[in-house]
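Read through the structure below, which is laid out as structure tokens, and then see the notes.
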Amino acid sequence: MKSLVQQLQTLFRRALIEILGDAGRDADPMIRAAGDERFGDYQSNVAMGLAKMLQTKPRDLAQRIVAALPQETNDLCEPMEIAGPGFINIRLRADRLAEMLEAVPPTTAPDRLGIEPGERPHKVVVDYSGPNIAKQMHVGHLRSTIIGDTIARMLEYVGHEVVRQNHIGDWGTQFGMLCAFLKDKMPEALSAPETVHLEDLEDFYRQASARDKEDPAFHEQARAEVVALHNHEPSTLRAWQYIVDESRRHYMPIYRRLGVSLTPADERGESFYAERLSEVVDEFRERFGTESPAARIVVRPDQGALCIFHLTAEGEPRFKNPEDQPLPMIIRKSDGAFLYATTDLAALRFRIRDLGARQVIYVTDARQALHFEMLFATAEAASWTTANDGVQLDHVTFGSILGEDRKPLKTRSGENIKLADLLDEAVRRAEQLIRAGEADETKRRGFNEEQIKDIAEAVGIGAVKYADLSQNRQSDYVFSWDKMLAMEGNTAPYMMYAYARIRSIYRKGAETIGEKRDGKIVLDESAERLLARQILRFPETIEAAVAGLKINLLTDYLYALGGVFMKFYESCPVLKADTPERKASRLRLCELTARTLRIGLDLLGILVVERM
RNA sequence: GCGCCCGUAGCUCAGCAGGAUAGAGCACCGGUUUCCUAAACCGGGGGUCACAGGUUCGAAUCCUGUCGGGCGCGCCA
């Protein structure tokens, strides 16, 4: 099934070809959802712009377009109306809406709601989360992790081949210190690593760091371990491996709890690229070491460091520092060590050449925008992006999570909030709300302890994720427990409540559902029609969300779906409908709504509950 | 100084490949429960879309400038 917008576009494009000839083939019919119910379901705004080109009156042109629409248009739409300066208002036929919903196949796994995969699937790498080894995950990792995961899921949903890459911070000089500390303090971790657990990775890191400062002998030992690590000394490598494994035992449960789809197989950390760095540097030195008028980059040492300087088309420096001097991307420090720009170049090259990516998406906070601009400019200049029939590079940025004081969210003592603690708190608050409901005679559902725990977990975690994902990712947002756990507004609990209400209908009417599942759908009431239309808008929502990598388009859609369902629920009795046909029809609308909610929330990695 | 992002209702935010009377939640006022989950639904008040120009039949949306805020700008990532 194609989206409603696509169907309308096809019809209007044929009309435009009729009028414009071949030029109509590329014209955008400008189909938009109507802003006001009185104007129908959709509108085409193409006539106004085009009229100028054709030197005719917009309303006349609109008339011609409507007249040129193919015959099948009448199967989908009521007669077009022309309004205002030349809007073509489109009202979909209720019987067609009903038929389209009837045609949605029964649930299969994965539930695609009858949506076809996109037309041009490609291989896309999504780089997200990227926790630091030997440190606990904190709020700073939350957005990259859940935004990236949702993007990966959405891309997969529309048919792309997604390769997740968890670029973990598992390499660098601090690991010498950590290995030295581990060998000294916890040698048993090296012989029987499964039996030893670090209670608190952060504390471990802090201790090692403190000792490194105070104890010169230890400092020397740490330096020796860095060398040993680079040389793959077995004992050091074992210590390093233990640290990585232990860190994984810390963050995998957090991923699981967050409903994040990353697995250990998706990890390709900095260590993976360590041995490819000199090779990458050599490539740039050889290709761009001498100035050439055509090249947009020059590679040369500056103040002892090996640098890539970017140039504009006019040969001017593309990036500048505050002293108005050219700002290079440093790929080798003056002490000979490589740094993150080097690793990112190596990783990008690997993703394009070895993984065969046609698109690489980086999900990091907006503060790294300059770094990625330089990285992408370098890849362009080196023609890496011409591989695989063209590689598209995207930096998906996001703002900071702020506290009520509008400053970056921290604990009272100014520390980063641990993600594990944040999630515990969310679940604790959700549980409180449920218990408050149970204590109220008029609201009591009669949950047992296990149910309370399960619902609290789903609602609490869902609330944190939804609050984040429903924001325009570009902007900073103020973290508020009360808002994210509220039943009013665009929140996870509201959406989950809508779902639970539907499930409740099914529990109550279970005996009649089985045989009614393929019943006819009738859309007599306005609430029924609006619900049907909203369900059918899911495909175009996903298209738009993927095209712009904008997750909040999906949450906005779900909120609207929840809203029209609630209205339907209030005004259209389902189990007590006046006829068996109407009951069957409404049950199907309920079923399709529930499926759509579940799929949408699943793309966000949020669980639904049967009762709440 | 330069660059990126932002400025929309009292508050928190949507809307920004231009489209008709700018939306939602909170807060405020009022209504709905012998009826499938009232953690819901319905109605009401509330706006010079920071400001000034420009492009356009049409601008919250695009362009320029000003003001205000956040972030970034060579060997951390």
Side-chain angles (χ1 to χ4, degrees), chain A residues 28 30 32 34-36 38-39 43 45 48-49 51-52 57-58 83-87 89 130 132 167 169 172-173 270 302-307 319-335 337-341 343-344 364-371 373 397 399-400 402 406 433-434 436-437 440 442-443 445 459 470-472 474-478 480 482-483 485-491 493-494 496-498 500-509 544 547-548 552-553 555-556 559-560 563 566-567 569-577 586 590 611-612:
Chain A
D28 179 0
M30 296 184 61
R32 306 282 185 267
D36 189 310
R38 289 174 299 147
F39 302 143
Q43 62 189 54
N45 303 335
M48 278 92 72
K52 186 127 201 167
K57 289 182 187 159
F87 297 108
N89 290 337
N132 291 318
H167 194 80
T173 49
E270 292 168 355
D302 190 81
Q303 298 171 33
L306 190 63
C307 299
F319 305 103
K320 290 181 178 178
N321 67 15
E323 287 76 48
D324 210 35
Q325 297 302 305
L327 178 73
M329 184 163 78
I330 297 177
I331 56 174
R332 198 184 59 203
K333 301 200 286 185
S334 49
D335 67 1
F338 301 120
L339 58 170
Y340 77 122
T343 308
D344 275 347
T364 84
D365 69 276
R367 289 176 304 192
Q368 296 187 53
L370 178 61
H371 166 66
E373 198 185 337
T397 62
S400 308
L402 307 178
R406 304 213 119 245
L433 288 174
I434 297 163
D440 183 331
T442 62
K443 295 179 178 174
R445 310 259 193 261
V459 170
S470 59
Q471 291 289 317
N472 176 338
Q474 200 111 259
S475 46
D476 294 347
Y477 84 94
V478 178
S480 162
D482 291 340
K483 277 179 188 152
L485 284 164
M487 285 294 304
E488 304 82 29
N490 191 6
T491 66
Y494 181 84
M496 295 165 85
Y497 180 66
R501 277 183 138 182
I502 299 173
R503 299 307 302 166
S504 174
I505 292 173
Y506 272 64
R507 275 192 303 277
K508 296 260 159 82
N552 68 315
L553 294 183
T555 57
D556 287 352
Y559 182 47
M566 293 291 196
K567 289 174 183 68
Y569 182 92
E570 300 286 340
S571 61
C572 301
V574 178
L575 297 175
K576 290 170 184 155
R586 288 178 179 171
C590 285
R611 301 177 64 196
M612 72 177 278

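We name chains A, B, ... by the order of the sequence lines, and we start the count at 1 in each one.
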(request) With syn defined as a glycosidic angle within 90° of 0 and anti as everything else, classify rA17(B). (result) syn

(message) Measure CZ/Phe338(A) against P/rC76(B) and give the value in whole Å, please.
(response) 14 Å

(request) Kindly point out which of rC36(B), rU12(B), rA40(B) is positioned nearest to the side chain of Val478(A)? (result) rU12(B)

(request) Check the distance between rC5(B)'s C1' and Gln368(A)'s CD and give it to me in whole angstrom. (result) 15 Å

(message) Exactly one of Lys333(A), Met329(A), Arg332(A) should register a side-chain contact (heavy atoms from CB on, under 4.5 Å) with Leu339(A). Which one does?
(response) Lys333(A)

(message) I want to verify the glycosidic state of rG74(B); is it syn or anti under the 90° rule?
(response) syn

(request) Looking only at side-chain atoms of Glu570(A), point me to the closest of rC73(B), rC75(B), rC41(B). (result) rC41(B)

(request) Using the closest heavy atom to pick a nucleotide of RNA chain B for each, name whichever of Ala83(A) or Lys576(A) lands nearer the 5' end. (result) Ala83(A)

(message) Suppose you measure atom P in rG43(B) against the same atom in rC26(B); what distance do you get, rounded to whole Å?
(response) 14 Å

(request) Please state the P separation for the pair rC16(B) and rU56(B) - nearest whole angstrom. (result) 24 Å

(request) Go ahead and name the base partner of rC11(B); Watson-Crick or wobble counts if both distances stay under 3.5 Å, otherwise write none. (result) rG25(B)

(message) Below the 4.0 Å mark, does rA24(B) have OP1 or OP2 next to a side-chain nitrogen or oxygen of Tyr494(A)?
(response) no

(message) So which atom in Arg586(A) and which in Pro573(A) form the shortest heavy-atom distance, rounded to 0.1 Å?
(response) NH1-O, 2.7 Å

(message) Could you tell me how far apart Ile330(A) (CD1) and rA77(B) (P) are, to the nearest whole angstrom?
(response) 11 Å

(request) Between rA9(B) and rG23(B), how far apart are the P atoms? Round to whole Å, please. (result) 14 Å

(message) Side chain of Met566(A), heavy atoms from C-beta onward: which of rC41(B), rA14(B), rG72(B) has the nearest atom to it?
(response) rC41(B)

(message) Using heavy-atom distances to pick each residue's nearest nucleotide on RNA chain B, tell me which of Arg611(A) and Asp28(A) is more 5'.
(response) Asp28(A)

(message) Rounding to an integer number of angstrom, what distance separates rG53(B) and rA60(B) when you compare their P atoms?
(response) 14 Å

(message) Measuring from the side chain of Gln474(A) (C-beta onward, heavy atoms only), which nucleotide among rC5(B), rA20(B), rC73(B) has the closest atom?
(response) rC5(B)

(message) Work out how far the P atom of rG58(B) is from that of rG44(B), and round it to whole angstrom.
(response) 32 Å

(request) May I ask you to verify if any side-chain N or O of Ser475(A) is less than 4.0 angstrom from the OP1 or OP2 atom of rA14(B)? (result) yes

(request) Could you give the distance separating rU66(B) and rC75(B) at their P atoms, to the nearest angstrom? (result) 31 Å

(request) With a 3.5 angstrom cut-off on both distances, give the Watson-Crick or G-U wobble partner of rC51(B), or none if there isn't one. (result) rG65(B)

(request) Considering only atom P, compute the distance from rU48(B) to rC5(B) and round it to an integer number of Å. (result) 27 Å

(message) Would you compute the distance between atom CZ of Arg38(A) and atom CG of Asp36(A) and round it to the nearest 0.5 angstrom?
(response) 4.0 Å

(message) Tell me whether the side-chain N or O atoms of Asp365(A) pair up with the base of rA77(B) as donor and acceptor below 3.5 Å, since no angle test is needed here.
(response) no

(request) Please state how far atom NZ in Lys508(A) lies from atom P in rC36(B), giving the value in whole angstrom units. (result) 7 Å

(message) For rC76(B) and Lys333(A) - does any side-chain N or O of the residue sit under 4.0 Å from the phosphate oxygens OP1/OP2?
(response) yes

(request) Give the nucleotide from the list rC36(B), rC75(B), rC73(B) with an atom nearest to the side chain of Leu370(A). (result) rC73(B)

(request) Could you state the atom-to-atom distance from OH of Tyr559(A) to C1' of rC13(B) in whole Å? (result) 12 Å

(message) Can you tell me whether the side chain of Gln43(A) and the base of rA20(B) have a donor-acceptor pair closer than 3.5 Å?
(response) yes

(request) Please determine, by modelled atom types, if Ser480(A) and Asp482(A) share a side-chain donor-acceptor pair under 3.5 angstrom. (result) no

(message) How many whole angstroms separate atom CE of Met30(A) from atom P of rA17(B)?
(response) 12 Å

(request) Pick the C1' atom in rC35(B) and in rG15(B), then give their distance to the nearest Å. (result) 37 Å

(request) Quick one: pull up OH in Tyr569(A) and CD1 in Ile502(A) and give me the separation to the nearest 0.5 Å. (result) 10.0 Å

(request) Report the nucleotide, chosen from rG74(B), rG25(B), rC5(B), that has the shortest atom-to-atom distance to any side-chain atom of Asn321(A). (result) rG74(B)

(request) Among rG19(B), rA14(B), rG74(B), find the nucleotide with the atom closest to the side chain of Asn552(A). (result) rA14(B)

(message) Could you tell me if the side chain of His371(A) sits less than 4.5 Å from the side chain of Thr364(A), heavy atoms only?
(response) no

(request) Answer yes or no: does a side-chain N or O of Asn472(A) lie under 4.0 Å from OP1 or OP2 of rC5(B)? (result) no

(request) Looking only at non-hydrogen atoms, find the nearest pair between Ile331(A) and Phe338(A) and report the distance. (result) O-CD2, 3.4 Å

(request) Considering just the side-chain nitrogens and oxygens of Lys443(A), establish if one lies under 4.0 Å of OP1 or OP2 belonging to rA39(B). (result) yes

(request) Supply the atom-to-atom distance Asp476(A) CG to Gln471(A) CD, rounded to the nearest 0.5 angstrom. (result) 9.5 Å

(request) Give the rounded distance in Å between these two atoms: OH of Tyr340(A) and P of rC75(B). (result) 9 Å

(request) Ignoring backbone atoms, establish whether Arg406(A) has a side-chain N or O less than 4.0 Å from OP1 or OP2 of rG69(B). (result) no

(message) Can you measure Gln471(A) atom CD to rA24(B) atom P for me and round it to whole angstrom units?
(response) 18 Å

(message) From C-beta outward on Met487(A), which listed nucleotide comes closest to its side chain: rG72(B), rA14(B), rA40(B)?
(response) rA40(B)

(message) It should be established whether Lys567(A) places a side-chain nitrogen or oxygen under 4.0 Å from OP1 or OP2 of nucleotide rC42(B).
(response) yes

(request) Select one nucleotide: of rC75(B), rG19(B), rG1(B), the one nearest the side-chain heavy atoms of Pro322(A). (result) rG1(B)

